[in-house]
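Note: hydrogens, waters and symmetry copies are ignored here, and every other heavy atom, side chains too, is used. We count residues from 1, following the sequence as given.
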Amino acid sequence: MSDEEFDDDYSANEQEKEGEEGEEEKDPAEEEESLVPCLLTEELMKEGLSLLCKTGNGLAHAYVKLEAKEKDLTDISLLQNYIHLRYVDLSENKLRDLSPLGSLIHLLWLKVDGNRLTSPHLPELPYLQIASFAFNRIRDTDGITHPRLGSLSLKGNEIQVISGLDLGKLTSLHTLELRGNKLQTTAGLHLPKLRNLYLAQNFITHLEGLEELVQLTSLHLRDNKLETLDGFSKSMKCLQYLNLRGNGILNLQEMAKLQVLPMLRALVLMDNPCSDETEYRMEALVLLPHLERLDKDFFEEDERAEAQETRQRRQDEAQEVEESAQGEVSE
């Protein structure tokens, strides 16, 4: 695992998007009243178009990439005429309606971060593979039905419940970013092909529905409200990396509940109350012998040997207690 996987904080520029310290939050109603209409024009299109490529039939050429960031746009109706676009970046505008994008049937990549969207709903785009709706005002996850979508970012929104995300509509989704929302549970993820799930900086108090994530390899749950580790399933046979930093796990024995994860190799538990215990590191290795790394540090061979001795001693003691109990019963 790389340090980037270990530390799933927002990057510096993402933190800036969430608002500078001390900046007063504006009332959405006041913002809408003061919103000045701003249309995407042919002139702006000419400024933002690039990457000349052959069209689908190979008989002509067209520009397939558009970047129109920070233009105060409120209306992108003109895009309906540019059906050959494949890469579109409309970040940091004032958009509330993306319906004109429905005409872009060749679209592969879409970024609309930092707008005023309340929903990610779009007409189905058959070739869309990467989409980012970060830092909008989105409240739900319904209406996402793109069959080739592999990576979806909805971080920094106002989503409280996950719904509408299932394999029947999202047959290719492998990476889902829901960091920095208002989720209280993981229920609603019916995505057995998902491999990477980012749920840090929510308000999650309990884990539900994880048994369906049979191909998940990386799960980020940093800075939530978990106090126990209930909810993990033996069906999660591919999970290798689990970040639980900054939750409220009190008891070291909660780690025993992770024994159902046969491929778990890297665990991050720092900044939980249990990580202050004297035997924190050793207890993790005793309970999870296949673990290779706890927090930032890999386990050394001498630690593994000590953990094995402790594990064997406990097994012997447990066996003695059991034999003694059976002896008393027979008498």
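- Distance alone, capped at 3.5 Å, places no donor-acceptor pair between the N202 side chain and the I204 backbone.
- Between the CG atom of L258 and the CG atom of L291 there is a distance of 9.0 Å, given to the nearest 0.5 Å.
- By the neighbour-count criterion of 12 heavy atoms within 6.0 Å, atom CD of E279 is sparsely surrounded, having that number or fewer from other residues, nucleotides or ligands.
- Listed for the E211 side chain is no donor-acceptor partner under 3.5 Å among the backbone atoms of L213.
- Separation of atoms CG (D113) and NZ (K69) is listed at 9.0 Å; rounding is to 0.5 Å.
- Counting heavy-atom neighbours within 6.0 Å of Q312 CD, excluding the residue itself, gives a total above 12.
- Between S233 and L210 the shortest side-chain heavy-atom distance does not fall below 4.5 Å.
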Show your working on side-chain contact (heavy atoms from CB on, under 4.5 Å) between E283 and Q253 and close with a plain yes or no.
CA-CA 8 Å; E283 192 64 23; Q253 293 305 308; 3.0 Å; yes
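- Residues I144 and L90 share a single hydrophobic cluster, defined by chaining ILVMFWY side chains whose heavy atoms lie under 4.5 Å apart.
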I would like to know whether L183 and L199 meet side-chain contact (heavy atoms from CB on, under 4.5 Å); could you show each step before the answer?
CA-CA 8 Å; L183 297 171; L199 294 169; 3.8 Å; yes
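- A donor-acceptor pair is defined here as one N or O able to donate and one able to accept, closer than 3.5 Å; no such pair exists between the side chain of N93 and the backbone of N115.
- Using a cutoff of 4.0 Å between basic side-chain nitrogens and carboxylate oxygens, K257 and E254 are scored as salt-bridged.
- Looking only at distances, no side-chain donor or acceptor of S163 sits under 3.5 Å from a matching main-chain atom of D142.
- No side-chain heavy atom of H206 sits under 4.5 Å from any side-chain heavy atom of D230.
- Cluster membership check: I130 does not share its hydrophobic cluster with L152, using side-chain heavy-atom separations under 4.5 Å among Ile, Leu, Val, Met, Phe, Trp and Tyr.
- Atom NE2 of residue H121 and atom OG1 of residue T141 lie 13.5 Å apart, to the nearest 0.5 angstrom.
- Not a single donor-acceptor pair under 3.5 Å links the side chain of D75 to the backbone N or O of L39.
- With contacts defined as side-chain heavy-atom distances shorter than 4.5 Å, the pair L176/L189 qualifies.
- Under a 3.5 Å cut-off, the side chain of N157 and the backbone N or O of F133 do form a donor-acceptor pair.
- The side chain to side chain contact (heavy atoms under 4.5 Å, CB included) search around E300 returns D302, E303, not counting sequence neighbours.
- Contact check for L194 versus L173: side-chain heavy atoms found under the 4.5 Å cut-off.
- Residues L79 and L101 form a side-chain contact, since some pair of their non-hydrogen atoms from C-beta on lies under 4.5 Å apart.
- For an aromatic pair to be called close, the ring centres must be under 6.0 Å apart, and H146 with Y127 fails this.
- A side-chain contact (heavy atoms from CB on, under 4.5 Å) with N243 holds for exactly one of V268, L221, L269; it is V268.
- Summarising the local packing, NZ of K225 is surrounded by 12 or fewer heavy atoms from other residues, nucleotides or ligands at distances under 6.0 Å.
- Side-chain atoms of T217 come within 3.5 Å of backbone N or O of R195 as a donor-acceptor pair.
- Side chains of T205 and Q184: a donor-acceptor N/O pair is absent below 3.5 angstrom, by distance only.
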Apply side-chain contact (heavy atoms from CB on, under 4.5 Å) to the pair E47 and K71, showing each step before the final yes or no.
CA-CA 11 Å; E47 291 177 6; K71 305 296 184 184; 4.0 Å; yes
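- Counting only distance, with no hydrogens or angles, the side chain of N224 and the backbone of N247 share no donor-acceptor pair below 3.5 Å.
- Closest of all the heavy-atom pairs between L44 and L73 is CD1-CD2, 3.9 Å.
- L108 CG to K65 NZ: the interatomic distance, rounded to the nearest 0.5 Å, is 12.5 Å.
- Scanning all heavy atoms of the two residues, the minimum distance from L252 to E277 falls at CD1-CB, 3.6 Å.
- Formation of a donor-acceptor pair under 3.5 Å by the T55 side chain with backbone atoms of H61 is not found in this model.
- Interatomic distance, Q129 CD to L107 CG, rounded to the nearest 0.5 Å: 10.0 Å.
- Follow the hydrophobic side-chain contacts under 4.5 Å out from V88 and you never reach I105; the two are in separate clusters.
- Inter-residue side-chain proximity for M282 and E306 is flagged as met; some heavy-atom pair is nearer than 4.5 Å.
- Defined by atom type and a distance below 3.5 Å, a donor-acceptor pair is present between the side-chain atoms of H220 and S218.
- Considering L104, L85, L128, D89 in turn, L128 is the only one that fulfils the side-chain contact (heavy atoms from CB on, under 4.5 Å) rule with L110.
- Looking at every heavy atom in both residues, R314 comes nearest to V286 through NH1-CG1, 3.5 Å.
- Between P273 and I249 the shortest heavy-atom distance is CD-O, 3.3 Å.
- At least one side-chain heavy atom of Y82 sits less than 4.5 Å from a side-chain heavy atom of M45.
- Clustering ILVMFWY residues whenever any of their side-chain heavy atoms sit less than 4.5 angstrom apart, transitively, puts L287 in the very cluster that holds L239.
- Under the 4.5 Å side-chain criterion, counting only non-hydrogen atoms from C-beta, L207 is not in contact with T228.
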Verdict with reasoning, D295 to Y280, per side-chain hydrogen bond (donor to acceptor under 3.5 Å, both in side chains):
CA-CA 11 Å; D295 301 332; Y280 162 60; 2.8 Å; yes
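- Across H106 and R86, no two heavy atoms sit closer than the pair O-CG, 3.6 Å.
- Cation-pi geometry between R281 and F299 is met: under 6.0 angstrom from the ring centre, within 45 degrees of the axis.
- Hydrophobic clustering, with ILVMFWY side chains joined whenever heavy atoms are under 4.5 angstrom apart, keeps V112 apart from V64.
- Listed here is the closest heavy atom pair of P147 and S172: O-OG, 3.0 Å.
- Between N136 atom CG and R116 atom CZ the span is 10.5 Å, to the nearest 0.5 Å.
- A donor-acceptor contact closer than 3.5 angstrom links the side chains of T175 and N196.
- Without hydrogens or angle criteria, N181 side chain to L154 main chain gives a donor-acceptor distance under 3.5 Å.
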side-chain contact (heavy atoms from CB on, under 4.5 Å), that's the test. Do K237 and M263 meet it? Break it down for me.
CA-CA 6 Å; K237 296 180 180 180; M263 291 299 293; 5.6 Å; no
